[in-house]
Engineer: 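This structure is in structure tokens; I'll ask about it shortly.
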Amino acid sequence: MLSREDEIRLNELENQVDNGGGGTWEYLSLLRKLKLRRSDKVLTHGLSLLNDPKKRSALAAEEWTLYEQVAVAAMDCQNFDLAKDCINVLQKKFPESKRVGRLEAMLLEAKGSWAEAEKAYSSLLEDNPFDQAVHKRRVAMAKSQGNISGAIEWLNKYLDIFMADHDAWRELAEIYVSQQMYKQAAFCYEELILAQPMIPLYHLAYADVLYTLGGLENLQTAKKYYASTIDLTGGKNARALYGICLCTYAIGQLSKGRNKEDKDGSELQSLAATALERDYKYRAAGKLSILTSTLRGLKL
């Protein structure tokens, strides 16, 4: 997610470049730094630099970085001839480069030549089993083919090597949720919370998964993680506030008030309901009556 400052700077540069005000290289560099594609923009403005000999030579060694960026953008835009031209230039300059070899494999993938792409990626991994980008391309290729089980398999193999990749754990968790494999998703979110305990998104997603799994123990744990989400967000997460109310109600239905902890939970539910009503009064006063009616139905 972009910071406010990055977003403002990016929009300023984009408007400037689109209107012929210069700053093309700075704009393209910022896209790379922020890991944004904006492929149509890269194609238009990248080619304006590459097709001008004076501007291209002014880039010095960065010329090759631009060729790579334009090649990927061309693949995104289905302009395979242009992508191939860029790759050929890079191949001529760096004939033994594995990085250029990865671009060739990506072009095969973009064309839908799955078997050839898989063969190329396998060859690259034989030379360097720790090439993260190639491992991730295999996952992406499996997803592109609708091969979800294959994507899960490749992601698990990737995480066996790169266990500290939080983005990969999150992607695997989301795939598991999409396949209703909630126990496996819960494990992924546990890993994320252990690694980055101050990120409320992970607490919230873990609580959602536990609530979906159901059962008294899972509901009690889910309520705790909804509460931690509220704590980490300063009480400003409506989904977590709803989660507290829903968990308290479900726990009450299962335990029928036998558990002292669940009786105490009604106070937490009341606080969450009050916070929700206050938030709705401020943000969506017209829907406050719907919220009130919903909460009334969750009274223990």
Engineer: Side chains of Tyr249 and Gln253: does their closest heavy-atom pair fall under 4.5 Å?
Structural biologist: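 Tyr249 reaches Gln253 side chain to side chain.
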Engineer: Cluster question for you: counting only ILVMFWY and a side-chain heavy-atom cut-off of under 4.5 Å, with indirect links fine, are Leu108 and Trp114 together?
Structural biologist: no
Engineer: Just how far is it from atom CD of Glu63 to atom CG of Leu90, taken to the nearest 0.5 Å?
Structural biologist: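 Reported to 0.5 Å precision, the distance equals 9.0 Å.
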Engineer: Kindly check if the number of other-residue, nucleotide or ligand heavy atoms within 6.0 Å of CZ (Arg239) is above 12?
Structural biologist: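 Counting other residues, nucleotides and ligands, CZ of Arg239 stays at 12 neighbours or fewer.
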Engineer: Go through the steps to decide whether Asp18 and Lys41 satisfy the test salt bridge (Lys or Arg N to Asp or Glu O under 4.0 Å), and finish with yes or no.
Structural biologist: CA-CA 9 Å; Asp18 285 345; Lys41 301 283 187 182; 2.7 Å; yes
Engineer: Would a hydrophobic clustering, with Ile, Leu, Val, Met, Phe, Trp and Tyr connected at side-chain separations under 4.5 Å, put Met163 with Tyr176?
Structural biologist: no
Engineer: Are Glu277 and Lys281 ion-paired here, with the side-chain N under 4.0 Å from a carboxylate O?
Structural biologist: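 No.
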Engineer: Give a yes or no on this: more than 12 heavy atoms of other residues, nucleotides or ligands lie within 6.0 Å of atom NZ of Lys143.
Structural biologist: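 No - once you tally the heavy atoms of other residues, nucleotides and ligands closer than 6.0 Å, there are 12 at most.
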Engineer: Between Lys98 and Asp127 (salt bridge meaning N to carboxylate O under 4.0 Å), is one present in this structure?
Structural biologist: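 Salt bridge present between Lys98 and Asp127.
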Engineer: Just by modelled atom types, is the Asn11 backbone N or O under 3.5 Å from a matching donor or acceptor in the Asn15 side chain?
Structural biologist: yes
Engineer: Knowing that exactly one of Tyr189, Tyr225, Tyr211, Tyr182 qualifies, which makes a ring-ring contact (aromatic ring centres under 6.0 Å, His included) with Tyr206?
Structural biologist: Tyr225
Engineer: Please answer: with hydrophobic residues joined when any side-chain heavy atoms are less than 4.5 Å apart, are Val134 and Ile87 in the same cluster?
Structural biologist: yes
Engineer: Using distance alone, with no hydrogens and no angle criterion, decide if Ser122 and Glu126 have a side-chain donor and acceptor under 3.5 Å apart.
Structural biologist: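 Note: Ser122 and Glu126 side chains miss the donor-acceptor criterion.
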Engineer: Where the side chain of Gln69 meets the backbone of Leu28, is there a donor-acceptor pair that is under 3.5 Å apart?
Structural biologist: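 A pair under 3.5 Å: yes.
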Engineer: Quick one: does Glu68's side chain get under 4.5 Å of Arg99's, heavy atoms only?
Structural biologist: yes
Engineer: Nearest 0.5 angstrom please: Ser29 OG to Leu13 CG, how far?
Structural biologist: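 The OG atom of Ser29 sits 10.0 Å away from the CG atom of Leu13.
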Engineer: Identify the two heavy atoms, one from Ala105 and one from Ala120, that lie closest to each other, and give their separation to 0.1 Å.
Structural biologist: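 Nearest pair, atom of Ala105 first, then Ala120: CB-CB, 3.7 Å.
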Engineer: From Ser3 OG over to Leu34 CG, what is the distance, rounded to the nearest 0.5 angstrom?
Structural biologist: 7.5 Å
Engineer: Might you point out which heavy atoms bring Leu10 and Leu31 nearest each other, and give the distance in Å?
Structural biologist: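 Looks like CD1-CD2, 3.8 Å.
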Engineer: Tell me whether Leu241 is reachable from Tyr202 by hopping between hydrophobic residues (I, L, V, M, F, W, Y) whose side-chain heavy atoms are closer than 4.5 Å.
Structural biologist: no
Engineer: Is there a side-chain contact between Phe162 and Trp169 (heavy atoms, below 4.5 Å)?
Structural biologist: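 No; the side chains remain at least 4.5 Å from each other.
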Engineer: Is there a chain of hydrophobic side chains (I, L, V, M, F, W, Y, each step under 4.5 Å between heavy atoms) that links Met181 to Ile175?
Structural biologist: yes
Engineer: Hey, mind stepping through Asp208 and Val177 against side chain to side chain contact (heavy atoms under 4.5 Å, CB included) and telling me if it holds?
Structural biologist: CA-CA 10 Å; Asp208 283 344; Val177 168; over 6 Å; no
Engineer: Give me the atom names and distance for the closest heavy-atom approach of Gly150 to Asn147.
Structural biologist: N-OD1, 3.0 Å
Engineer: Compare all side-chain heavy atoms of Arg170 with those of Leu201 and state whether any distance is below 4.5 angstrom.
Structural biologist: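 Yes, side chains in contact.
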Engineer: Measuring only between side-chain heavy atoms, which start at C-beta, is Leu47 closer than 4.5 Å to Leu82?
Structural biologist: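 Of all side-chain heavy-atom pairs linking Leu82 with Leu47, at least one is under 4.5 Å.
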Engineer: Examine distances only and state if a side-chain atom of His203 and a backbone atom of Met198 form a donor-acceptor pair shorter than 3.5 Å.
Structural biologist: no
Engineer: Pick from Glu171, Gln132, Glu153: which one makes a side-chain hydrogen bond (donor to acceptor under 3.5 Å, both in side chains) with Tyr158?
Structural biologist: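 For Tyr158, the side-chain hydrogen bond (donor to acceptor under 3.5 Å, both in side chains) test succeeds with only one of Glu171, Gln132, Glu153, which is Gln132.
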Engineer: Could you please spell out the steps behind the side chain to side chain contact (heavy atoms under 4.5 Å, CB included) verdict for Leu59 and Trp64?
Structural biologist: CA-CA 9 Å; Leu59 296 174; Trp64 314 115; over 6 Å; no
Engineer: For a 4.5 angstrom cut-off between non-hydrogen side-chain atoms, does Ser48 reach Thr24?
Structural biologist: yes
Engineer: Out of curiosity, Arg137 CZ to Arg102 CZ, how far, rounded to the nearest 0.5 Å?
Structural biologist: 10.0 Å
Engineer: Taking atom types as modelled, find out whether Thr229 and Asp231 have a side-chain donor-acceptor pair closer than 3.5 angstrom.
Structural biologist: no
Engineer: In terms of side-chain heavy atoms, does Glu104 have a donor or acceptor partner in Gln91 at a distance below 3.5 Å?
Structural biologist: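 Per modelled atom types, Glu104 and Gln91 side chains form a pair under 3.5 Å.
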Engineer: Can you confirm whether Arg56 sits close enough to Tyr67 that some side-chain heavy atom of one is under 4.5 Å from a side-chain heavy atom of the other?
Structural biologist: yes
Engineer: Could you give me the CA-CA distance, side-chain angles and deciding distance for Lys136 and Asp167, then say whether salt bridge (Lys or Arg N to Asp or Glu O under 4.0 Å) is met?
Structural biologist: CA-CA 11 Å; Lys136 289 181 176 181; Asp167 289 336; 5.8 Å; no
Engineer: Please determine whether side chain to side chain contact (heavy atoms under 4.5 Å, CB included) holds for the pair Leu268 and Thr248, giving the CA-CA distance in whole Å, both sets of side-chain angles, and the decisive distance to 0.1 Å.
Structural biologist: CA-CA 8 Å; Leu268 181 59; Thr248 305; 5.5 Å; no
Engineer: State, to 0.1 Å, how close His166 and Leu192 come at their nearest heavy-atom pair, and which atoms those are.
Structural biologist: O-CD2, 3.4 Å
Engineer: Kindly give the heavy-atom pair with the smallest separation between Cys247 and Leu219, and that separation in Å.
Structural biologist: SG-O, 3.9 Å
Engineer: Using the side chain to side chain contact (heavy atoms under 4.5 Å, CB included) definition, which of the options His135, Met106, Glu116 pairs with Tyr121?
Structural biologist: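 When side chain to side chain contact (heavy atoms under 4.5 Å, CB included) is applied between Tyr121 and each of His135, Met106, Glu116, only Met106 qualifies.
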Engineer: Is there a salt bridge (Lys or Arg N to Asp or Glu O under 4.0 Å) between Arg9 and Glu26? Walk through the geometry before answering.
Structural biologist: CA-CA 11 Å; Arg9 181 58 182 153; Glu26 186 181 355; 2.5 Å; yes
Engineer: Donor-acceptor pair, distance only, cut-off 3.5 Å: does the side chain of Asp279 make one with the backbone of Ala275?
Structural biologist: no
Engineer: For Ile244 versus Ala227, what's the shortest heavy-atom pair and its separation?
Structural biologist: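 So the minimum-distance heavy-atom pair works out to CD1-N, 3.7 Å.
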Engineer: Specify whether Tyr242 and Tyr280 have parallel, tilted or perpendicular ring planes, treating 30° as the upper limit for parallel and 60° as the lower limit for perpendicular.
Structural biologist: perpendicular
Engineer: Measuring from atom CG of Leu210 to atom NZ of Lys224, what distance do you get when rounded to the nearest 0.5 angstrom?
Structural biologist: 11.0 Å
Engineer: Tell me if a side-chain donor or acceptor on Ser57 pairs with a main-chain N or O of Pro53 at a distance below 3.5 Å.
Structural biologist: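 Present.
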Engineer: After noting the C-alpha distance and the side-chain angles of Leu103 and Met75, does the key distance pass the side chain to side chain contact (heavy atoms under 4.5 Å, CB included) rule?
Structural biologist: CA-CA 10 Å; Leu103 285 174; Met75 293 180 215; 4.2 Å; yes
Engineer: Looking at SG of Cys245 and CG of Leu276, how far apart are the two atoms once the value is rounded to the nearest 0.5 Å?
Structural biologist: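 These two atoms lie 5.5 Å from each other.
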